[in-house]
Number of protein chains: 2
Amino acid sequence: MSRKLAYRNLPQLFLKAREELLCHFRPIISHFGLTEQQWRILRTLSEMEQLEPREICELCHILSPSMTGVLSRMEEMGLVTRTRVPEDQRRVIVRLTRKSEQLVSELGPLIEAQYRVIEQAFGPELIRQLYEVMDKVIVAERGPIQRIALPEKKDWANLQF
Amino acid sequence: MSRKLAYRNLPQLFLKAREELLCHFRPIISHFGLTEQQWRILRTLSEMEQLEPREICELCHILSPSMTGVLSRMEEMGLVTRTRVPEDQRRVIVRLTRKSEQLVSELGPLIEAQYRVIEQAFGPELIRQLYEVMDKVIVAERGPIQRIALPEKKDWANLQF
DNA sequence: GTTGACTGCTTAATATGTTAGTGATTACAT
DNA sequence: ATGTAATCACTAACATATTAAGCAGTCAAC
């Protein structure tokens, strides 16, 4: 009767490791009145000039329904502009404003400085391993992963005992 | 005029890698009407017999304000019981119910099976490296990490250009 | 025994995550 | 040309994340 699963909770491990890193950047980002998601978008847009919402979703790992709210708040703050594509009325182009370009040019160096501090503390070798392993997990040059068979669905939530 | 930061967005990389893993477990968990957080709690409680909310917060990486809602929903579903500690009226003991113990004993093996499939696809060596690097990031046998100096706060959000 | 600091859980307010579905628009096959 | 499917952004409903603050219970110094 084994009480413990054979495998440690891997997604939870990622969550913890991510927080261990993020806690060193969060103060910087919130210092400028931004959320972490907003900074991801600003950083990405500063490198890509202009993007459409679904491209930003893909690059920043934010789901489309969240993106709607995030972008409209950023538009209200004057951080981005949204313009419809004339040729395709469904699509939208998102760009940085002068204000947010200025913001990125102030914030970017601070983020980089913090990375250097972290690299110093973690050791460059660990950072290198980190990128390496993460890329192996992500790139995933493997075939589609098998999905195990699931038993018939029981509505545990409403099941009486 | 370098447009790109010298460092890749590491927290975002963790987010992506985590999602790459989680997407293989999410269907299993939601098949039983659970959320990912609920499963984290069930799994932890099944290994620890009984825990107090703040301990669950620590172990499952869920903040206290979220925990309140998650636990009360789980209590309503009959997955956990919450009883106050007589000696200290502030504290609470959370336990699994028979129903949720049953649930874990059904769900656990499925999760393990999926882990084996993933280990197969990723290669055992990658999984080993993964645990190794993650632990290095988390254990953090390093001194307190320096915090860079921040410039005077400007309220960019309301700044007019 | 009061006062004051602290602890543990909760509430409040806002932002985002997650799943499902809608409406308008475009692309495509007939 | 026209009906149909696909695409894209958005809305809705609910759960969780995040920060700040509230509130009752405990503990210790006075």
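What's counted below: heavy atoms across the whole structure, side chains too, no hydrogens, waters or symmetry copies.
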Looking at Arg90(B), I'd like to know whether one of its side-chain N or O atoms comes within less than 4.0 Å of OP1 or OP2 on dT10(C). no
Please work out whether the ring planes of Tyr7(B) and Tyr115(A) are parallel, tilted or perpendicular, with thresholds of 30° and 60°. parallel
Quick one: CD on Gln129(A) to CD on Glu132(B), what's the gap to the nearest 0.5 Å? 6.0 Å
On DNA chain C, more 5' by nearest nucleotide between Met67(B) and Met67(A) is Met67(B)
Whole-Å distance between dT25(C) C1' and Glu52(A) CD? 14 Å
Tell me, please, the opening and closing nucleotides of DNA chain D, 5' to 3', among those with an atom under 4.0 angstrom from a non-hydrogen atom of chain B. dA15(D) to dT26(D)
Side-chain heavy atoms under 4.5 angstrom apart, residues restricted to Ile, Leu, Val, Met, Phe, Trp, Tyr: same cluster for Leu10(A) and Leu130(A)? yes
Nearest whole Å is fine: how far is dA15(C) P from Leu63(B) CG? 18 Å
Which residue lies toward the 5' end of DNA chain D, Ile62(B) or Pro86(B), if each is placed at its nearest nucleotide? Ile62(B)
Respond yes when some side-chain nitrogen or oxygen of Arg54(B) is under 4.0 Å from OP1 or OP2 of dG8(C), and no when none is. yes
Tell me which nucleotide among dA15(C), dT25(C), dC9(C) gets nearest to the side chain of Thr35(A). dA15(C)
Taking C-beta and beyond as the side chain, do Gln146(B) and Gln120(A) meet within less than 4.5 Å on heavy atoms? no
Rounded to the nearest angstrom, tell me the gap between atom CZ in Arg73(A) and atom P in dA15(C). 5 Å
Lys/Arg N to Asp/Glu carboxylate O, Glu125(A) vs Arg128(A), below 4.0 Å: yes
Any idea which of dT26(C), dT16(C), dC9(C) is nearest the Gln38(A) side chain? dT16(C)
Side-chain N or O of Arg82(B) closer than 4.0 Å to phosphate OP1/OP2 of dT10(C): yes
Assign each of Arg91(A) and Arg26(A) to its nearest nucleotide of DNA chain D by heavy atoms, then name whichever residue's nucleotide is nearer the 5' end. Arg91(A)
Counting the atoms with a prime plus P, OP1 and OP2 as sugar-phosphate, which does Glu87(A) contact under 4.0 Å by heavy atoms, base, sugar-phosphate, or nothing? sugar-phosphate
To the nearest Å, give me how far apart CG (Leu22(B)) and C1' (dG17(C)) are. 12 Å
Measure CG/Leu15(B) against P/dT16(C) and give the value in whole Å, please. 14 Å
So, OP1 or OP2 of dT16(C): does either fall under 4.0 Å of a side-chain N or O from Ser66(A)? no
Going by an N to O cut-off under 4.0 Å, is there a salt bridge joining Arg54(A) and Glu58(A)? no
Taking the side chain from Arg84(B) and the backbone from Gln89(B), do they hold a donor-acceptor pair closer than 3.5 Å? yes
Residue pairs involving residues 39-94 of chain A (criterion ring-ring contact (aromatic ring centres under 6.0 Å, His included); sequence neighbours excluded): none
Gap between atoms CD and P, on Glu36(A) and dT16(C) respectively (whole Å): 10 Å
Taking atom P of dT18(C) as reference, at what distance in whole Å does atom CZ of Phe25(B) sit? 16 Å
Arg84(B) CZ - dG8(C) P separation (whole Å): 13 Å
